[in-house]
Amino acid sequence: MSLKIYNTLSGAKEDFVPLKKGEVRMYVCGVTVYDRCHVGHARALLTFDVIYRHLIFLGYRVLFVRNFTDLDDKIIQRAREEGTSAEAIADRYIQEFNQDCAALGLVTPDHEPKATDHIREMIDVICRLEEKGLAYRVNGDVFFSVDRFAGYGKLSRRKLEELQAGARVEIDERKRHLMDFALWKQSKPGEPSWESPWGKGRPGWHIECSAMSTKYLGQPFDIHGGGRDLVFPHHENEIAQSEGAFGVMFARCWIHNGFVNINQEKMSKSLGNVYTINEVLNRYDAAVLRHYILTSHYRSPLDFSDQGLAEAEKCVERIYETVDRLDRLPQPNGRVKPGGGLLEEYCREMDDDFNTPRAIALMFEEIRALNRMLDEGKTEGLISRRAALKTVAESLGLLQEEPNKFFGKRKAEWLRRQGLSSESIEQLICRRDRARSEKQWQEADRIRAELKEKGIILEDTPGGTVWKVK
RNA sequence: GGCGGCGUACCCAAGUGGUUAAGGGAGAGGUCUGCAAAACCUCGAUGCGGCGGUUCGAAUCCGCCCGCCGCCUCCA
């Protein structure tokens with residue numbers, strides 16, 4: 001049993017063997033901080049969060065780096081529009097990003113380098129490229145010379161001729177080859193700029209990831225990830241720069257997540273169909289969004305919809321309900337060894353290119369089995385199976401809090417919106433219980449209907465009446 | 001124009017050569033319950049966009065066709 005990962009570089013699932021035994025070095029392209037993050041970002045973040053969690057589950061030490069692109073045309077433009085500095089824009093959206101990540105329950109990378117903190121390193125890489133004849137200057141700009149790098153196109157499986165034939169890029173006459181790209185740009189007035197061997201300017205987009213990944217992870221390193229859209233040109237160019245500069249392989253395994261669509265269309269600002277993470281999390285628990293995203297395989301396109309979110313919410317409630325039931329069983333002292341076979345099956349599915357839909361299916365099969373045991377009062381093996389279920393749910397990041405807290409949050413939020421107090425509800429429940437004990441069913445049902453009007457559902461359990469939100 | 005992907009039940013979504021095509025949601029029937037709710041049980045695609053082909057055997061491989069999408073330009 002071993003981990004297999006689909007490697008964009010080879011176009012096939014491969015056995016994953018890290019460079020150093022027991023240790024994985026992973027770099028994931030982060031965000032350009034010029035606006036709020038949307039569910040597309042959430043998918044990328046969650047995909048690599050789960051990949052990270054599975055690597056940890058397998059017992060690897062993981063060194064995880066995710067960058068911030070805080071230097072970019074869009075940031076500069078935004079700053080101009082708002083009459084502020086690029087730095088202020090970047091800072092604001094880094095903060096927003098950190099809030100989103102915390103709300104999503106993501107693990108924190110070991111390093112989150114910012115491009116602007118690594119100008120020196122980028123300049124060093126560009127100098128190396130110049131020395132090797134892979135870069136050339138035009139006035140204050142420096143370009144990478146794609147046809148001097150033999151492997152250009154190997155990640156996106158494109159040939160330079162094909163790119164040339166179909167390119168719709170604006171032709172920059174100063175470039176030797178149409179696909180040459182900027183390593184360093186001469187700064188225009190009012191733009192952020194740094195001193196360099198080529199005069200005042202700023203780095204091109206791709207060079208930051210080459211410089212920062214190598215700084216924190218060395219070269220080569222094990223996993224490089226990001227959204228599908230980054231395959232070309234971003235990652236292709238990173239490879240060209242890094243392998244060109246250092247003469248050794250850059251990243252060994254490339255992982256790319258699929259896109260989020262809205263009604264079969266790409267989510268984009270121009271189409272006006274963007275859901276921000278914040279908007280979704282105002283309406284649903286983070287586990288709901290996570291569950292929704294993980295029920296599709298990470299490489300498939302995912303169609304985002306309100307109906308999908310609502311369904312995911314029911315699934316997540318089911319998980320928490322079951323864990324809640326299980327948690328009422330005795331809690332033995334000391335560690336319980338997870339049992340029942342779930343862990344092995346879970347591992348097998350996740351080892352197959354992170355098949356989270358299958359992993360979730362297994363979890364629900366176990367949930368059904370455990371609920372049945374609880375219904376029938378069978379307890380043999382239940383404690384260890386509970387431990388296994390929780391381990392799996394935690395490893396997927398779907399179970400990050402106690403059921404009480406999960407349901408409590410929803411109740412509190414509902415009460416706040418409805419302007420109700422929990423006391424008033426408890427009171428009604430008390431009255432109903434009294435009516436029930438006196439077999440005044442009409443009165444009891446009237447109170448239940450009254451609460452239902454307010455979106456509150458009652459459950460009469462052997463341990464008393466509990467209430468839930470809708 | 002080049003490259004790549006997708007089309008599985010009412011909806012979402014696994015499965016990529018071999019017993020009865022996962023799982024979830026919705027729906028129907030049932031158990032439990034004063035009645036409910038939750039949970040559990042049962043049912044649900046003789047068929048995997050269409051047509052051919054390869055094979056003892058295909059949702060799964062090949063060809064063609066139809067429909068949809070992405071990348072080639074900033075983009076998760």
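Sequence lines set the chain letters: A, B, ... in the order given, protein chains first and strands last, and positions in each chain run from 1. We use all heavy atoms of the structure for the numbers below, so side chains are in, but hydrogens, waters and symmetry mates are not.
Within 4.0 Å (heavy atoms only), A:Asp73 reaches no atom of the nucleic acid at all. Here A:Gly308 lies out of heavy-atom contact (under 4.0 Å) with every strand. Using a 4.0 Å heavy-atom distance criterion, A:Ser300 is classed as a sugar-phosphate-only contact. Across all strands shown, A:Met363 has no heavy atoms under 4.0 Å from either base or sugar-phosphate atoms. Using a 4.0 Å heavy-atom criterion, one finds that A:Gly40 contacts the bases of the nucleic acid, with or without backbone contacts as well. Using a 4.0 Å heavy-atom cutoff across all strands shown, A:Leu230 reaches sugar-phosphate atoms only and no base atom. When heavy atoms are screened at a 4.0 angstrom cut-off, A:Arg66 is found touching no nucleic acid atom at all. Counting any heavy atom pair closer than 4.0 Å across all strands shown, A:Leu458 reaches a base atom.
Here the separation of B:G7 from B:G15, taken at their C1' atoms, is 15 Å to the nearest Å. Spacing between B:C51 and B:A59 at atom P, rounded to whole Å, works out to 13 Å. The C1' atoms of B:U60 and B:U55 are separated by 13 Å, rounded to the nearest whole Å. Spacing of C1' atoms, B:U8 relative to B:A22, comes out at 12 Å, to the nearest Å.
Under the Watson-Crick and G-U wobble criteria, each requiring two contacts below 3.5 Å, nucleotide B:G1 is paired to B:C72. Base pairing of B:U33 is not made with any nucleotide, judged by Watson-Crick or G-U wobble geometry with both donor-acceptor distances under 3.5 Å. B:G57: no Watson-Crick or G-U partner with both key distances under 3.5 Å is found in any strand. Within the shown strands, B:C43 is the pairing partner of B:G27 under the Watson-Crick or G-U definition, both distances less than 3.5 Å.
Ring geometry for A:Phe407 against A:Tyr320 counts as perpendicular: the plane angle is over 60°, on a 0 to 90° scale with 30° as the lower cut. Between A:Phe57 and A:His54, the two ring planes are parallel [angle under 30°; tilted spans 30° to 60°].
Atom CG in A:Asn261 sits about 13 Å away from atom P in B:C12, given to the nearest Å. As a whole-Å value, the separation of A:Leu294 CG from B:G23 P is 19 Å. For the pair A:His224 NE2 and B:A76 P, the computed distance is 13 Å after rounding to whole Å. For the pair A:Glu349 CD and B:G15 C1', the computed distance is 10 Å after rounding to whole Å. Counting to the nearest Å, the P atom of B:A37 and the CZ atom of A:Arg448 are 8 Å from each other. For the pair A:Glu365 CD and B:A22 C1', the computed distance is 7 Å after rounding to whole Å.
Ring-base stacking between A:Phe259 and B:A76 is satisfied, the centre separation being under 5.5 Å and the plane angle under 30°. We find that the ring of A:Phe364 and the base of B:G23 do not stack by the test of centres under 5.5 angstrom and planes tilted less than 30°.
No side-chain donor from either of A:Tyr216 and A:Asp110 sits under 3.5 Å from a side-chain acceptor of the other.
For A:Gln307, counting side-chain heavy atoms from C-beta on, the closest listed nucleotide (B:A76, B:A37, B:C11) is B:C11. Each of B:A38, B:C71, B:C69 was ranked by its minimum atom distance to the side chain of A:Phe232; first place goes to B:C71. Comparing B:A37, B:C72, B:A76 against the side chain of A:Val260 picks out B:A76 as the nearest. Relative to the side chain of A:Ala361, the nucleotides B:C74, B:A22, B:C11 differ in distance, and B:A22 lies closest. Here B:G34 is the nucleotide among B:A39, B:A14, B:G34 with the atom lying nearest to any side-chain atom of A:Arg436. Relative to the side chain of A:Arg318, the nucleotides B:G2, B:C35, B:C40 differ in distance, and B:C40 lies closest. For A:Arg372, whose side chain is taken as the heavy atoms from C-beta onward, the closest listed nucleotide among B:C69, B:A76, B:C41 is B:C41. Comparing B:A76, B:A22, B:U73 by their nearest atom to the side chain of A:Asn257 picks out B:A76. With B:A14, B:G2, B:G24 as the choices, the nucleotide that has an atom nearest any side-chain atom of A:Arg358 turns out to be B:A14. With B:C74, B:G2, B:A76 as the candidates, the nucleotide lying closest to the side chain of A:Lys74 is B:C74.
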Next item on the list: Start with the C-alpha distance between A:Tyr93 and A:Ile75, add both sets of side-chain angles, then the distance that settles side-chain contact (heavy atoms from CB on, under 4.5 Å), and finish with yes or no.
Entry: CA-CA 10 Å; A:Tyr93 289 109; A:Ile75 299 173; over 6 Å; no
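Residue side chain A:Asp445 reaches the base of B:G34 through a donor-acceptor N/O pair under 3.5 Å, judged by distance alone.
Residue order along RNA chain B, read from the 5' end via each residue's closest nucleotide, puts A:Arg368 first among A:Arg368 and A:His206. The residue among A:Cys29 and A:Arg325 whose nearest nucleotide of RNA chain B lies closer to the 5′ end is A:Arg325.
Under 4.0 angstrom from either OP1 or OP2 of B:A36 there lies no side-chain N or O belonging to A:Lys452.
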Enumerate all atom pairs, one protein N or O and one N or O from nucleotides 5-9 of chain B, separated by less than 3.5 Å.
none

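For residues 391-400 of chain A, no pair satisfies salt bridge (Lys or Arg N to Asp or Glu O under 4.0 Å), with sequence neighbours left out.
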